[in-house]
Amino acid sequence: MLTSCRYLLGMFLASSVLMMHASRADQPSEGSGDLFPVAKINDFVSQAWEERGVQPAARCDDRQFVRRVYLDLAGRVPTIEEAVAFANDTQTDKRAALVDRLLASEDYPQHFADLFDALLMGRTNEGKYKQRDNSGWRKYLEDVFRNNRPWDEVAAEVLLARPEDKAKRGAVWFLYERNDQHQAIAEAVAPAFFGIRIECAQCHDHMVVNEIEQAHYWGLVAFFNRSKNVKTKEGLRVAESAIGGFSDFANLEGDSTPNLLTFLGASTVEEPRPAGDAKQEDTDDLYVATSAEPGNRIPTFSRRQRFVEDVLRDHPLLARSMVNRLWAIMLGRGIVHPFDEMDSVHPPSHPELLDWLATEFAESNYDIRSLVRSLALSDAYQLDSRQPAGVDDPASFAWYLERRLTGEQLARSIQLIAEGKFTNDAELIKQFRQQISDVLPDETVVGVDDTLFLTNGPGLDHYLRSSRDKAGLLAELNGSESHRQRAERLFQSVFLRAPDGDETKAVVDYLNARNDDLPAALQQVLWSMINSAEFQFNH
């Protein structure tokens with residue numbers, strides 16, 4: 001359970017959560033057309049609980065669920081009106097209906113584009129974020145989730161980086177941003193699309209993970225080492241030469257080996273190597289006859305295309321790694337943890353479940369939205385966040401694993417609470433994603449610098465101060481009839497619950513002491529609540 005936090009000027013607002021456990025009898029029924037039957041997921045997890053002698057937590061109440069699922073699918077907290085409407089909904093399948101509405105909303109592609117931009121590209125400075133926008137990368141990601149594009153097609157488009165459709169030009173940016181650094185490309189491709197880390201195999205076979213060899217590292221580099229960034233009349237492109245890229249790699253003992261076109265779990269792609277010091281000529285007959293301008297021709301033997309066709313397509317780790325990543329996004333950690341180290345050293349907590357999900361995902365045409373829907377309606381996702389007594393292993397998924405909100409989730413939610421609306425390019429989001437950079441961290445650690453950024457930094461304080469002059473929560477509170485009403489409205493807005501007696505008294509006493517400057521006092525109370533663990537964590 002989240003701990004309470006001590007607020008501004010000695011004010012103590014307990015962060016206890018009102019628990020009204022719903023019975024499992026109102027579990028929404030599944031449609032016969034579900035691609036990932038929720039009952040099947042539940043069977044795998046409950047069987048593991050039984051085998052391990054684990055008694056899971058109770059089911060979460062509606063107030064917990066509505067906040068949780070809005071954060072996970074829409075990237076923001078619900079408004080009071082949205083939470084009340086859900087609470088008053090008498091449908092037996094209202095949780096399923098809410099999940100469907102959120103997955104059909106515009107908030108879903110915006111939030112998942114935030115997540116996958118960070119997961120595929122990493123955090124960066126605001127100048128690079130602007131380049132990602134200008135290149136079409138951000139729009140491309142949004143379209144992937146808005147249109148529920150098959151993940152295998154997306155992976156192929158990104159790694160081939162040869163868009164035929166104007167709407168898909170942004171896919172080029174994954175390779176383009178790495179700026180012809182072919183080792184950096186290989187080190188990004190492996191975790192992004194195969195869920196493994198290969199950096200440790202640069203100088204020798206992996207010293208811990210036996211199946212990852214040095215040849216896999218340099219083979220992956222070789223698939224991309226003929227690529228070069230170019231600017232064309234049609235926009236940014238990653239050109240590919242038909243020649244070059246033949247070299248040897250050496251291990252720590254000094255032994256040299258040719259860098260063949262090979263990768264973990266795939267057969268070596270054969271390509272004739274020039275003999276000795278024979279010089280290759282870059283002639284037109286080595287390219288497909290197209291009208292492409294110079295520097296953007298397509299080789300007859302394209303290493304990138306062979307990688308997509310011979311390695312990526314049907315590779316078992318493509319489906320397996322995406323399933324594991326989506327499970328981590330929804331459940332707090334992967335079936336394999338960390339989610340991007342799916343190797344023999346990190347066995348899955350539920351191997352049969354992972355095998356089944358990966359197979360179903362591939363057979364469903366890599367349907368992301370359907371899988372996310374089923375995970376959101378699973379028993380494991382809908383558990384209370386209070387850890388059951390005697391259950392210590394988070395890999396059991398016997399309680400909902402609390403996780404800190406991302407910078408975007410925090411900034412979007414703060415805007416919504418303070419102003420009743422939000423924008424995804426707001427200055428507050430830019431500030432928060434620069435400081436709160438973790439997305440799916442291996443463990444939740446709130447650093448001192450993050451705490452100081454929120455409590456002492458000028459960004460949040462300036463935003464709340466400026467919001468006093470706008471139509472929104474602080475203006476509304478200033479016009480309320482009593483401090484008790486103000487306390488109740490604050491708790492409903494920020495925590496989606498009523499304050500208890502001690503919390504009401506703490507707020508009322510503080511506002512009474514600051515009646516000489518009520519707008520500033522209300523801002524400080526709101527600031528302190530935003531800085532609480534109850535607000536900053538999904539639980």
Side-chain angles (χ1 to χ4, degrees), residues 71-72 74-77 107 109-142 145 170 173-174 176-179 181 184 187-188 191-192 325 328-329 338-340 402-419 421-467 494 523 526-533 535-538:
L71 284 166
D72 281 336
R76 63 173 178 87
V77 295
D107 289 340
Q110 295 291 335
H111 173 51
F112 268 63
D114 286 342
L115 293 176
F116 276 79
D117 178 66
L119 293 171
L120 299 180
M121 304 298 292
R123 292 299 200 185
T124 188
N125 58 61
E126 288 305 314
K128 274 282 177 61
Y129 278 120
K130 187 174 182 179
Q131 288 180 327
R132 291 177 186 178
D133 287 343
N134 293 339
S135 71
W137 168 252
R138 171 71 192 200
K139 183 180 183 300
Y140 175 77
L141 281 182
E142 292 172 7
F145 297 105
W173 192 254
F174 179 87
Y176 198 96
E177 185 173 294
R178 269 86 191 186
N179 199 28
Q181 298 176 51
E187 291 172 8
R325 185 186 288 118
I329 288 171
F339 70 92
D340 55 359
E402 302 161 358
R403 78 291 297 267
R404 194 184 187 197
L405 305 188
T406 65
E408 290 91 342
Q409 285 174 316
L410 277 169
R412 198 179 284 121
S413 297
I414 291 168
Q415 290 181 78
L416 188 65
I417 289 168
E419 298 183 57
K421 59 184 180 180
F422 62 88
T423 58
N424 288 311
D425 59 352
E427 185 62 30
L428 197 66
I429 284 185
K430 296 176 183 179
Q431 293 176 10
F432 274 52
R433 71 184 174 191
Q434 287 298 312
Q435 177 62 43
I436 303 170
S437 58
D438 282 343
V439 175
L440 296 187
D442 294 348
E443 58 181 343
T444 299
V445 177
V446 180
V448 174
D449 56 340
D450 286 356
T451 302
L452 291 175
F453 166 78
L454 290 165
T455 57
N456 293 354
L460 179 58
D461 181 70
H462 175 76
Y463 172 77
L464 293 179
R465 187 182 300 273
S466 66
S467 73
V494 180
Q523 176 195 326
L526 177 57
W527 170 89
S528 65
M529 296 174 75
I530 287 171
N531 274 287
S532 70
F535 179 72
Q536 292 191 20
F537 278 72
N538 195 357

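Since the model is a prediction, treat every value here as computed from it, not as a measurement.
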Close side-chain approach of [X] and [Y], heavy atoms under 4.5 Å:
| X | Y | value |
| --- | --- | --- |
| D72 | I329 | no |
| L405 | Q536 | no |
| D117 | Y129 | yes |
| F432 | T406 | no |
| L141 | F174 | no |
| W173 | Q131 | yes |
| F339 | L440 | yes |
| Q415 | Y463 | yes |

If you compare all heavy atoms of [X] against all heavy atoms of [Y], which two are closest, and at what distance to 0.1 Å?
| X | Y | answer |
| --- | --- | --- |
| T423 | I429 | O-CD1, 3.4 Å |
| G459 | Q431 | CA-OE1, 3.1 Å |
| F116 | F145 | CD1-CZ, 3.4 Å |
| R404 | F537 | N-CD2, 3.6 Å |
| Q435 | D450 | NE2-OD1, 2.7 Å |

Hey, does the side chain of [X] reach the backbone of [Y] with a donor-acceptor pair shorter than 3.5 angstrom?
| X | Y | value |
| --- | --- | --- |
| Q409 | H111 | no |
| N456 | L452 | no |
| N125 | G127 | yes |
| R412 | F422 | no |
| S413 | L410 | no |
| R123 | S437 | yes |

Check step by step if side chain to side chain contact (heavy atoms under 4.5 Å, CB included) holds for T455 and L460. CA-CA 8 Å; T455 57; L460 179 58; over 6 Å; no
[atom1]-[atom2] distance between [X] and [Y], expressed to the nearest 0.5 angstrom:
| X | Y | atom1 | atom2 | answer |
| --- | --- | --- | --- | --- |
| S466 | E419 | OG | CD | 7.0 Å |
| S467 | I417 | OG | CD1 | 11.0 Å |
| I414 | R76 | CD1 | CZ | 14.5 Å |

Strictly by modelled atom types, are R138 and Q110 linked by a side-chain donor-acceptor pair under 3.5 Å?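 Side-chain D/A pair, R138 to Q110: present.
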Does either side chain, that of E402 or that of N538, offer a donor lying less than 3.5 Å from an acceptor on the other one? no
Of all pairs that satisfy salt bridge (charged side-chain N to carboxylate O under 4.0 Å, His left out), the ones with a partner from residues 421-445, not counting sequence neighbours: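 Only E126-R433 qualify under salt bridge (charged side-chain N to carboxylate O under 4.0 Å, His left out).
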For Y176, side chain to side chain donor-acceptor pair (under 3.5 Å) partners two or more places apart: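 With sequence neighbours excluded, Y176 shows a side chain to side chain donor-acceptor pair (under 3.5 Å) to no residue whatsoever.
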Please list, chain by chain and in numerical order, all residues satisfying side chain to side chain donor-acceptor pair (under 3.5 Å) with R465, sequence neighbours excluded. D461
Would you please test K139 and D133 for side chain to side chain contact (heavy atoms under 4.5 Å, CB included) and show each step? CA-CA 7 Å; K139 183 180 183 300; D133 287 343; over 6 Å; no
